Amino acid sequence: MLEITRLNVRFGGAHVLRDVSVAVTHGQIHGLIGPNGSGKTTLLNAISGFVDCTGTITLDGRRLNGLAAHRRVGKGLGRTFQNPKAPDDMTVADLLRLGEHQTRTLQWHTVAFRPWKAAHQRHMFAKRCEQALTSLGLSPDLLERELGTIASGDLKMIDIARALMVRPRLLVLDEPTSGMNDHEIELLRTRLEWLRESGLSVLIVEHNVRVVTDICDRITVLSGGGILAEGSPREVFQRPDVIDAYLGEDEGKSPESPPASLEDTR
């Protein structure tokens, strides 16, 4: 579904990503992990068209290099952000409409000369918004709520719903569990598994190792801008160099630090 070949990103004299190659298989959840500063978000930004890079990026056989960010969305790329930001007085429906705008536009002549068709399109949009929310375990009653009145965990789920409105082939998630409580994390885990079963491919950057080991089919580990390891969760978290890369971040282990072995995640 997604193939990245020898991708390099430089910011001035800093070589942030070096010859990174990653392949995300259709219908799988692929984890992207690594210590802070390893280049994870930079890689997502390169895929999304936010930073210049060299190398090749293809999505479902279509080359993305050189395309503007909104053109990549049109090719089937849905993206969320670690800290979603929107005006507090924007409603949830307004936010979801940003995603719908990429795939369907209500033309002025339809509104002027075919108001019944415009009304039907608005009705169908409302239905799709409700479906996007309910697919993530959220209530359609949220649609008219202003974003400033919604808890951070629900905002992260709503941002995923916004990304789903573009009908993506690949869903890219940047630390979706940050700011979530245990109940919300468990809900997200089950919903991502459901999306995988429906055929959607997912690339997820995540620090919560328990989530990664539970849902990911394959994991790529970045360290210092290059690939340190790749494989199944069991293969990756049994490697001493992966554990050392994480433990080098802090003096001790934090609640989200990787386990000494896969068995410690159960």
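Just so you know, these numbers come straight off a predicted model, no measurement behind them. Starting from 1, each residue takes its place in the sequence as its number.
Using a 4.0 Å cut-off between charged nitrogen and carboxylate oxygen, D217 and R196 count as a salt-bridge pair. With respect to R189 and E193, a salt bridge is recorded, a charged nitrogen being found less than 4.0 Å from a carboxylate O. Between R97 and D94 there is a salt bridge, since a side-chain N of the basic residue sits under 4.0 Å from a carboxylate O of the acidic one. With respect to D174 and R79, a salt bridge is recorded, a charged nitrogen being found less than 4.0 Å from a carboxylate O.
No side-chain donor-acceptor contact under 3.5 Å links Q82 and S178. Side-chain atoms of H30 and T25 form no donor-acceptor pair, as typed in the model, at a separation below 3.5 Å.
No side-chain heavy atom of I4 sits under 4.5 Å from any side-chain heavy atom of S21. Considering only heavy atoms from C-beta on, I158 comes within 4.5 Å of L95 through its side chain. Within the 4.5 Å cutoff, the side chain of H15 has heavy atoms near those of the N8 side chain. A heavy-atom distance below 4.5 Å is not found between the side chains of V9 and D52. In this structure, the side chains of M1 and R169 come closer than 4.5 Å at one or more pairs of heavy atoms. Between L170 and V202, the closest side-chain pair of non-hydrogen atoms is not below 4.5 Å. The shortest side-chain heavy-atom distance between R72 and L59 does not fall under the 4.5 Å cut-off.
Atom-to-atom distance recorded for E175:CD and T80:OG1 is 10.0 Å, nearest 0.5 angstrom. Annotation: the span from S48 atom OG to L67 atom CG amounts to 12.5 Å, rounded to 0.5 Å. For the atom pair S38 OG and L228 CG, the distance stands at 9.5 Å (nearest 0.5 Å). Rounding to the nearest 0.5 angstrom, the gap separating the CG atom in L96 from the CD atom in E130 is 11.0 Å. Interatomic distance, OG1 of T56 versus CD of E3, reported as 8.5 Å (0.5 Å rounding). Atom-to-atom distance recorded for L32:CG and T220:OG1 is 6.5 Å, nearest 0.5 angstrom.
The nearest pair of heavy atoms linking I204 to C216 is CG2-SG, 4.0 Å. Of all heavy-atom pairs between I243 and F237, the closest is CD1-O, 3.9 Å. In plain terms, the two heavy atoms of I47 and L2 that are nearest each other are CD1-CD2, 4.0 Å. Between L133 and P140 the shortest heavy-atom distance is CD1-CA, 4.1 Å. Annotation for A163 and L171: closest pair CB-CD1, 3.7 Å, computed over non-hydrogen atoms. Across every non-hydrogen atom of V20 and G225, the tightest pair is CG2-O, 3.5 Å.
Judged by distance alone, with hydrogens and angles left aside, the side-chain atoms of K40 form a donor-acceptor pair with the main-chain N or O of P35 at under 3.5 Å. Between the side chain of R71 and the main chain of K75, no donor-acceptor pair closer than 3.5 Å is present. Without hydrogens or angle criteria, Q238 side chain to E235 main chain gives no donor-acceptor distance under 3.5 Å.
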Discussion item. Does L44 form a side-chain contact (heavy atoms from CB on, under 4.5 Å) with L203? I'd like the steps, not just the answer.
Written reply: CA-CA 9 Å; L44 298 193; L203 175 64; 3.9 Å; yes

Practice prompt. Check step by step if side-chain contact (heavy atoms from CB on, under 4.5 Å) holds for V221 and I227.
Written response: CA-CA 6 Å; V221 184; I227 292 181; over 6 Å; no

Discussion item. Please evaluate residues L138 and D154 with respect to the criterion side-chain contact (heavy atoms from CB on, under 4.5 Å), reporting the C-alpha separation (whole Å), side-chain torsions for both, the decisive distance (0.1 Å), and the verdict.
Written reply: CA-CA 8 Å; L138 300 173; D154 285 342; 3.8 Å; yes

Worksheet item: Between L164 and L200, is a side-chain contact (heavy atoms from CB on, under 4.5 Å) present by the stated rule, with each step listed?
Response: CA-CA 10 Å; L164 292 176; L200 184 64; 4.0 Å; yes

Discussion item. Could you go through D159 and R162, starting from their C-alpha distance and side-chain angles, then the distance that decides it, and tell me whether this counts as salt bridge (Lys or Arg N to Asp or Glu O under 4.0 Å)?
Written reply: CA-CA 5 Å; D159 195 40; R162 189 264 314 152; 2.7 Å; yes

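Under the 4.5 Å side-chain heavy-atom criterion for Ile, Leu, Val, Met, Phe, Trp and Tyr, V172 and I57 are members of the same hydrophobic cluster. Under a hydrophobic clustering in which Ile, Leu, Val, Met, Phe, Trp and Tyr are joined whenever their side-chain heavy atoms come within less than 4.5 Å, directly or via other members, F81 and M180 fall into different clusters. L143 is connected to I160 through a chain of hydrophobic side-chain contacts under 4.5 Å among Ile, Leu, Val, Met, Phe, Trp and Tyr, so both are in one cluster. Residues L7 and L222 are members of one and the same hydrophobic cluster, defined by side-chain heavy-atom contacts under 4.5 angstrom among Ile, Leu, Val, Met, Phe, Trp and Tyr. In this structure, I33 is not a member of the same hydrophobic cluster as L17, with clusters built from ILVMFWY side-chain heavy atoms closer than 4.5 Å.
Counted within 6.0 Å of CG on D89, heavy atoms from surrounding residues, nucleotides or ligands total more than 12; the atom is thus considered enclosed. For CZ of R63, the number of neighbouring non-hydrogen atoms (other residues, nucleotides, ligands) closer than 6.0 Å is greater than 12.
Within the structure, salt bridge (charged side-chain N to carboxylate O under 4.0 Å, His left out) contacts touching residues 13-37 (residues at least two apart or in different chains) are R6-D19.
Shown here are the salt bridge (charged side-chain N to carboxylate O under 4.0 Å, His left out) partners of R218, two or more places apart in sequence or in another chain: E230.
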